[in-house]
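The figures that follow rest on heavy atoms only: side chains count, while hydrogens, waters and symmetry mates do not.
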Amino acid sequence: DWIVKNAPRDRQAAGSASVNYLMLMGYVCGGWLMGRAALKARARLESGSDDKAFLEAKPVTARFYYAHLLPRAAACLAAIQAGSEPIMALDVDQF
């Protein structure tokens, strides 16, 4: 939403947000996949699968991801919403 709302008045909005947007989506999609894996592991455990140690580890790794990696998505969003001005503040000859 931020990119769509700001792009008409800031032609650099999408470009300045691109890397952080991709990182945000990676963290969010990773969380979704970890959740799916944990749910499937629970279903397999309940059905009597013989790979108990591996399947019991899935919710543990999902909780780790949610606690230590998924919060980084909020930082990516904050960077996106900072806009293009901090990125575009230097002139080319200042690099």
Side-chain angles (χ1 to χ4, degrees):
D1 282 347
W2 185 92
I3 295 170
V4 171
K5 288 177 186 173
N6 287 277
R9 63 179 170 254
D10 179 3
R11 65 185 189 96
Q12 304 294 335
S16 69
S18 61
V19 170
N20 282 300
Y21 179 78
L22 290 172
M23 295 296 293
L24 181 146
M25 291 305 297
Y27 288 126
V28 170
C29 290
W32 172 67
L33 290 171
M34 294 297 286
R36 282 186 63 193
L39 290 172
K40 287 185 179 188
R42 180 172 48 179
R44 287 186 59 197
L45 278 169
E46 290 171 356
S47 71
S49 176
D50 59 349
D51 201 0
K52 188 175 178 182
F54 175 77
L55 296 172
E56 286 177 342
K58 283 296 175 191
V60 176
T61 57
R63 281 193 305 273
F64 170 83
Y65 188 93
Y66 300 151
H68 290 273
L69 298 175
L70 190 56
R72 296 176 185 180
C76 292
L77 180 59
I80 290 167
Q81 293 174 335
S84 67
E85 194 279 324
I87 294 171
M88 304 305 293
L90 294 174
D91 292 329
V92 174
D93 59 340
Q94 290 178 308
F95 283 93

Student: Are more than 12 heavy atoms from other residues, nucleotides or ligands located less than 6.0 Å from atom CG of Asp1?
Tutor: no

Student: Checking Tyr66 side chain against Gly31 main chain: does a donor-acceptor pair fall under 3.5 Å?
Tutor: yes

Student: For Lys58 and Ala38, work out which heavy atoms get closest and say how close.
Tutor: CB-CA, 4.2 Å

Student: Linking I/L/V/M/F/W/Y whenever their side-chain heavy atoms sit closer than 4.5 Å, directly or via other members, would Leu45 and Phe54 fall into one cluster?
Tutor: yes

Student: Could you tell me which non-hydrogen atom of Asn20 sits nearest to which non-hydrogen atom of Cys76, and how far apart they are?
Tutor: O-CB, 3.5 Å

Student: When rounded to the nearest 0.5 angstrom, what distance separates CG in Asp50 from CZ in Arg44?
Tutor: 8.0 Å

Student: Minimum heavy-atom separation for Ala17 and Ile80, please, with both atom names.
Tutor: CB-CG2, 3.8 Å

Student: Test of understanding: clusters of I, L, V, M, F, W, Y form through side-chain heavy atoms closer than 4.5 Å, transitively. Do Val28 and Ile3 belong to the same one?
Tutor: yes

Student: Could you state the interatomic distance from CD (Gln12) to OG (Ser18), rounded to the nearest 0.5 Å?
Tutor: 10.5 Å

Student: At what distance, to the nearest 0.5 angstrom, does CZ of Arg36 lie from SG of Cys29?
Tutor: 11.5 Å

Student: Atom CZ in Arg11, atom CG in Asn6: separation rounded to 0.5 Å?
Tutor: 15.0 Å

Student: Applying the side-chain contact (heavy atoms from CB on, under 4.5 Å) criterion to Met34, which one of Leu69, Leu39, Leu70, Thr61 satisfies it?
Tutor: Thr61

Student: Between Tyr21 (side chain only) and Ala14 (backbone N and O only), is there a donor and an acceptor less than 3.5 Å apart?
Tutor: no

Student: Which heavy-atom pair separates Gly83 from Pro86 by the least distance, and what is that distance?
Tutor: O-CD, 3.6 Å

Student: Locate the shortest heavy-atom distance separating Gln94 from Ala89; write the atom from each residue and the value.
Tutor: OE1-O, 4.2 Å

Student: With hydrophobic residues grouped by side-chain heavy-atom distances under 4.5 Å, do Leu77 and Met25 end up in a single group?
Tutor: yes

Student: Provide the closest heavy-atom pair for Tyr65 versus Gly26 in the form atom of the first, atom of the second, distance.
Tutor: OH-O, 3.7 Å

